[in-house]
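Working notes, structure below.
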Amino acid sequence: MKILVSAKRVSDPNAKLAIAKDGKWIEGDVEYILNPFCENAIECALQIAEANEGTETVAIGIGDDETARFIRQGALARGIDRGILVSAEEASIDSDLIARIYQGVVHREKPDIVLLGKQAIDGDSNQVGQLLAEYLGWPQATFASKVEVSGNKAIVTREVDGGLETLEVSLPCVITADLRLNEPRFASLAGIMKAKKKPFDELEIDDLDLEDTDTKVQIVGLSTPSGRKAGVIVKDVEELVQKLRSEARAI
Amino acid sequence: MSKVLILAEHDKGALKKVTLNTLAFARQYVAKFGGSYDFAVLGHNVAGVAEALRGYGAGAVHLADHADLAHPIASAWAKVLADLAKSIGADMVVAPATTTGKDVLPRTAVRLGAGMASDIIALTDSGAFARPMWAGNLTGNVKISTANKVISVRASAFDAAEATGGQSPVVAFAADPALASTRVKFVSFDGVQSTRPDLAEATTIVAGGRGLKDRFYAVTEPLADVLGAAIGATRAAVDDGYAPNDLQIGQTGKVVAPQLYFAIAMSGAVQHLAGMKNSKVIVAINKNPDEPIFKVADYGLVADAFVAVPELTAQIKALRG
Ligand SMILES: Cc1cc2nc3c(=O)[nH]c(=O)nc-3n(C[C@H](O)[C@H](O)[C@H](O)COP(=O)(O)OP(=O)(O)OC[C@H]3O[C@@H](n4cnc5c(N)ncnc54)[C@H](O)[C@@H]3O)c2cc1C
């Protein structure tokens with residue numbers, strides 16, 4: 001079996017963000033982390049591989065050299081077998097083009113499962129897995145909190161509004177990971193050393209035979225929403241009730 | 001002129017209110033750019049949902065009723081929704097950004113060659129769509145450059161649209177879900193049983209964090225009962241098993257904006273704030289005065305929740321007689 005898994009870098013969720021001059025992305029000295037949902041996807045891929053001997057795992061990232069670092073340290077150091085970097089400028093691609101880049105890689109790699117994070121915590125679009133599944137004509141199981149692979153099927157429990165849904169999908173399929181899927185492991189020192197020697201391919205978008213590289217959605221301006229102001233600290237429950245009643249008229 | 005197709009959200013045969021918040025977006029869109037809107041009702045034995053939508057001024061309510069649509073399997077729903085959009089010449093498909101909308105719409109977009117914008121909170125005069133990014137720390141205005149457009153709408157950002165009277169025709173659509181060829185099977189649904197209002201529809205929410213531990217319900221329920229409120233939770237409270245996943249509010253859970261939000265024994269992490277900071281009035285109860293939740297709260301009470309919340313519950317109960 002072969003599993004393709006996503007490794008996207010995102011800005012640290014607690015970083016102070018500066019909007020780039022052209023207003024289309026962020027810029028400056030922000031800390032980056034591996035997208036938390038990709039960490040869950042990677043852990044899931046490793047667990048499937050451990051349970052199914054002979055499974056090959058491949059991590060893919062789209063971006064520049066910085067992204068390559070996250071593929072190595074976030075995926076290969078944890079135990080993923082190989083890495084693929086597709087060079088692209090993060091700020092100028094949309095979910096649709098990302099999905100088509102993945103599709104191009106899927107055509108080359110022919111995996112049985114593509115595992116992605118359900119969303120990236122920068123763009124927050126929650127689209128790529130679903131777009132990819134449709135481009136490939138594959139079944140999908142999104143927002144997974146439990147994945148069991150047996151034979152050529154995956155039984156996936158999904159976190160949805162109202163509860164938990166379980167689907168059975170045939171391979172090949174696309175699965176997107178939610179946070180309660182697993183506890184991502186840490187990379188061991190040995191893993192970090194090994195990662196340096198693992199196979200790593202660098203591809204250009206042109207290598208993927210896409211029909212075009214046009215985006216369908218463009219960011220035309222970023223802004224900072226007006227924040228809330230801190231209110232008052234009340235001294236006790238009585239004052240809280242009184243304020244909620246006569247000032248806020250909320251109860 | 002646009003033709004907007006709105007995917008109705010429903011549960012066990014009942015229309016969900018988020019559909020009407022989504023309608024509010026569609027009405028704004030056609031008011032600005034011209035056109036009309038229709039509804040799409042997908043499912044099995046859902047004629048009642050279509051009936052409930054007839055009074056909202058749509059050109060038509062399209063009913064795709066098929067046994068293979070009984071569960072919202074994304075590949076099957078996306079196919080039928082896209083087939084319907086093509087057959088009526090819709091150039092925009094919208095749905096609330098629920099887990100169903102998030103699951104189904106991107107696939108629909110591919111079938112329509114459309115660009116998709118997620119979680120829209122506003123429409124600009126130039127036709128750009130505003131959406132929260134980076135957990136709501138930034139707002140992005142995005143343009144969709146394809147002729148067909150797909151939009152998921154953040155329901156909490158739009159007031160539910162009112163009925164306008166009239167009787168839109170219900171038009172049966174001969175759905176061909178081709179479920180067999182999509183290689184996916186529904187196995188089971190483990191639903192949360194609750195008689196409380198839906199988080200998306202509640203005017204008051206009592207939300208608890210990890211600090212409530214295994215007394216999560218013992219603390220939140222009585223207060224929710226006196227207020228007729230919904231109960232919400234942080235991710236940490238869900239992770240630790242004190243509350244089911246359906247209650248999670250935040251960047252990766254539900255986004256709410258009630259009139260009154262009680263944030264009890266939670267720190268106020270950015271990911272949680274992303275789901276509730278547009279609530280009208282926020283009350284924070286936490287024993288640590290330095291927690292970030294106090295920076296967004298209108299009223300903060302520094303106290304032990306195990307003592308303060310029962311007291312609060314009793315006082316409100318007394319007030320209401
Ligand atoms: C990618 C990602 C996505 C995430 N998405 C979400 C999301 O959608 N929603 C979400 O909520 N979180 C989300 N999180 C998690 C988030 O970062 C926080 O970890 C979480 O919100 C913390 O929950 P909490 O406030 O309940 O717990 P804690 O941060 O542990 O806070 C517990 C609080 O309880 C207080 N407390 C303890 N005992 C008492 C007492 N007796 N009385 C009063 N106060 C008391 C403490 O002072 C403390 O402030 C996400 C994280 C990541 C990385």
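Note that the structure is predicted; figures quoted are calculated from it, not measured. To find a chain, count down the sequence lines: A is the first, B the second, and so on, and within it residues start at 1.
Note: B:Met133 leads B:Lys277, B:Lys79, B:Gln193, B:Met133 in heavy-atom pairs under 4.5 Å with chain A. Between chain B and the residues A:Gln130, A:Glu168, A:Arg228, the largest count of heavy-atom pairs under 4.5 Å involves A:Arg228. Ranked by heavy-atom pairs under 4.5 Å with chain B, the first of A:Arg180, A:Lys153, A:Lys24, A:Arg245 is A:Arg180. Taking chain A as the reference chain and counting heavy-atom pairs below 4.5 Å, the highest number among B:Asn245, B:Ile316, B:Ile144 is found for B:Asn245. Considering only heavy-atom pairs separated by less than 4.5 Å from chain A, the leading option among B:Met116, B:Gln259, B:Lys295 is B:Met116.
Only the side chain of B:Val270 comes within less than 4.5 Å of a heavy atom of chain A; its backbone N, CA, C and O stay farther away. A:Leu171 touches chain B through its backbone: at least one of N, CA, C or O sits under 4.5 Å from a heavy atom, while the side chain does not. With a threshold of 4.5 angstrom between heavy atoms, A:Pro172 approaches chain B through its backbone and through its side chain. When heavy atoms are compared at a cutoff of 4.5 Å, A:Lys229 approaches chain B solely by way of its backbone atoms N, CA, C and O. Proximity to chain B involves both the backbone and the side chain of A:Glu238, based on heavy atoms less than 4.5 angstrom apart. At a 4.5 Å heavy-atom cutoff, the contact between B:Ala308 and chain A is made by backbone and side-chain atoms alike.
Heavy atoms only, all atoms of each residue included: A:Leu244 and B:Leu260 are closest at CD2-CD1, 4.0 Å. The two residues A:Pro139 and B:Arg183 have their closest heavy-atom pair at CD-NH2, 3.3 Å.
Here the straight-line distance linking atom CD of B:Glu311 with atom CG of A:Leu240 works out to 10.0 Å at 0.5 Å rounding. Remark: B:Trp134 CH2 to A:Ile121 CD1 distance equals 11.0 Å, nearest 0.5 Å.
Under a 3.5 Å cut-off, the side chain of B:Asn141 and the backbone N or O of A:Val220 do not form any donor-acceptor pair. When atom types are taken as modelled, the side chain of B:Thr99 and the backbone of A:Asp161 share a donor-acceptor pair closer than 3.5 angstrom.
B:Asp103 has a carboxylate O that lies under 4.0 Å from a charged side-chain N of A:Arg158, or vice versa, which qualifies the two as a salt bridge.
For B:Arg320, the CZ atom is densely surrounded, since the number of other residues' heavy atoms within 6.0 Å is greater than 12.
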